[in-house]
Amino acid sequence: MSLDPDIEWLQCIGCAARHPVFEARYFCDCGNLLSLERSPGFLSRVDRGRFDSRLGNRQVLNQSGVWRFREGVLTIDDQNIVSHPEGSTRLYHRPQLSQWANVEQLHLKHEGENPTGSFKDRGMTVAMSQAMAVQAPAVACASTGNTSASLAAYAAQAGKKAVVFVPEGKISITKMVQTLAYGALCLKVEGDFDAAMGLVREACQKLGLYLLNSVNPFRIEGQKTIAWELLQDLAWDAPDWVALPAGNLGNTSAIGKALKEAFEAGWISKLPRLAAIQASTANPFYLSYQQGFSTRPKVKAETIASAIRIGDPVSFEKAKAAILYTKGVVSEVTDAELLLAKRQIDRAGIGCEPASACSLAGVKKLREQGVIHESDRVVCILTGNFLKDPDAVLAPVEGVNAVEGQMISVRPDLESVAKIMEGWL
Ligand code: F0G
């Protein structure tokens with residue numbers, strides 16, 4: 001474990017003040033977010049071959065797609081690490097999806113294959129391990145459902161009390177049930193996610209709870225490994241674009257930081273551009289991007305993609321830096337567009353939750369606009385599992401749901417089946 005403040009420290013993204021790693025704080029005194037930083041050149045001295053040599057190793061920490069990259073994640077005693085293990089998700093290529101988006105070299109990194117069904121597990125293993133290191137008595141978060149499920153599962157493993165703040169009636173029932181089943185206390189907040197977020201921040205400050213939302217810099221360190229693992233999947237031959245859904249903006253921040261660090265360390269020779277995609281009715285980041293980031297608007301968010309129904313994202317400044325550094329873009333898609341993309345992903349036999357489909361819907365749109373070129377290599381991040389929000393399959397686009405006409409009652413005799421088969425085969 002490193003207590004050496006010259007190796008890893010928390011640094012304010014605004015005033016650059018430094019704070020020790022083992023202080024349970026998420027904001028600087030000046031009010032800005034903190035970021036975990038390392039001495040310059042530290043990662044350049046880590047040969048990426050070390051990460052490759054851990055692939056296929058049976059040790060739990062090497063099987064984890066997070067701790068496999070531990071030199072760039074967090075210096076911590078093994079005994080404090082709470083790992084499922086997580087990560088090691090697959091990268092898919094499907095010709096029908098390439099054709100649909102008109103991008104030949106299209107890959108999908110399926111983060112829904114994590115233990116609790118979303119990318120949140122990557123950040124949670126690190127932040128929960130840090131909660132162990134600082135001996136936090138109890139952990140908390142606000143959530144649209146995935147963070148809460150992940151927090152509850154990792155808290156159960158760590159033996160910590162967990163409390164989650166969710167917008168009442170606004171999260172998918174399967175995520176709610178999952179969170180309850182793992183044992184967390186659920187506080188249903190009257191209001192939206194942004195209200196729940198404000199409340200949990202206050203509660204953590206005043207009531208001694210340890211905050212595990214993505215304002216916690218250790219969450220970001222874990223989520224960086226989505227990018228590092230996809231680079232490893234591609235034999236460190238960096239793609240031109242990485243596209244992902246954007247809500248509270250923790251993931252945009254994390255993937256941007258990971259790409260920057262990988263590029264500066266010399267693990268990749270080209271810097272991919274980020275494409276952060278919002279739902280058009282929950283689009284404060286897009287609105288800001290359109291104005292050259294000169295404003296920070298808040299919106300009243302409403303979208304079928306409940307995971308990203310967020311109007312005032314907390315990691316705004318970090319995500320802005322990620323877009324600027326990678327010469328990235330921010331785009332938006334309508335609910336109809338993201339549902340159509342989800343249908344394509346589902347019909348390819350992969351499946352994802354609605355928010356995840358923003359990435360593919362956004363890539364199709366950016367391709368049509370000529371921002372992404374046909375020859376570009378693109379990786380879409382699918383952030384959540386299909387089973388997180390199965391009801392969305394029945395949501396209509398232009399009056400028709402995705403499985404219209406697929407369920408037919410039949411009398412229990414062969415003649416009736418044969419009749420249906422006549423028209424169908
Ligand atoms: N996709 C899914 C499936 C999510 O659950 C989230 C965020 C995002 C995308 C957006 O990521 O917030 O880092 O920009 N879910 C959070 C939660 C808010 O509470 O589960 P982000």
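One-based numbering along the sequence shown. As the structure lists them, so they are numbered: ligands from 1, and atoms in each ligand from 1.
- Residue Ser356 has no nitrogen or oxygen atom sitting less than 3.5 Å from a nitrogen or oxygen atom of ligand 1, judged on distance alone.
- Contact check on Lys300 versus Asp192 returns a salt bridge, with a Lys/Arg side-chain nitrogen under 4.0 Å from an Asp/Glu carboxylate oxygen.
- Here Asp240 pairs with Lys270 in a salt bridge; the nearest charged N to carboxylate O distance falls below 4.0 Å.
- Nearest protein heavy-atom contact of atom 18 (C) of ligand 1 is Thr144 OG1, 3.4 Å.
- Here is the list of ligand 1 atoms found below 4.0 Å of a heavy atom in Ser143: 17 (C), 19 (O), 20 (O).
- Each of the atoms 13 (O), 14 (O), 21 (P) of ligand 1 lies under 4.0 Å from some heavy atom of Gly250.
- With respect to the salt-bridge test (charged N to carboxylate O, under 4.0 angstrom), the residues Arg68 and Glu229 qualify.
- Note that OG of Ser150 and NZ of Lys120 are 8.5 Å apart. Values are rounded to the nearest 0.5 Å.
- Taking the six-membered ring for Trp and the full ring otherwise, the centers of Phe285 and Phe293 sit less than 6.0 Å from each other.
- Residue-level proximity to ligand 1 for Glu353 is carried by the side chain, the only part with a heavy atom below 4.0 angstrom.
- Ligand 1 has a nitrogen or oxygen under 3.5 angstrom from a nitrogen or oxygen of Gly247.
- Here the side chain of Asn32 pairs no donor or acceptor atom with the backbone of Cys12 at under 3.5 angstrom.
- Under 4.0 Å from ligand 1, the heavy atoms of Leu249 that appear belong solely to its backbone.
- Short contacts between ligand 1 and Ile308, defined as distances under 4.0 Å to a heavy atom of the residue, involve ligand atoms 8 (C), 9 (C), 10 (C).
- The distance from ligand 1 to the heavy atoms of Asn146 drops below 4.0 Å at these ligand atoms: 2 (C), 3 (C), 4 (C), 5 (O), 20 (O).
- Near Ala246, meaning under 4.0 Å from any of its heavy atoms, are these atoms of ligand 1: 14 (O).
- Of all the atoms in ligand 1, the ones that sit under 4.0 Å from a non-hydrogen atom of Thr147 are 16 (C), 17 (C), 19 (O), 20 (O).
- The distance from ligand 1 to the heavy atoms of Ile310 drops below 4.0 Å at these ligand atoms: 18 (C).
- Distance alone, capped at 3.5 Å, places no donor-acceptor pair between the Arg367 side chain and the Ala101 backbone.
- Between Lys365 and Glu368, no side-chain nitrogen of the basic residue sits less than 4.0 Å from a carboxylate oxygen of the acidic one, so the salt-bridge criterion is not met.
- Contacts of Lys120 with ligand 1, taken as heavy-atom pairs under 4.0 Å, involve the side chain alone.
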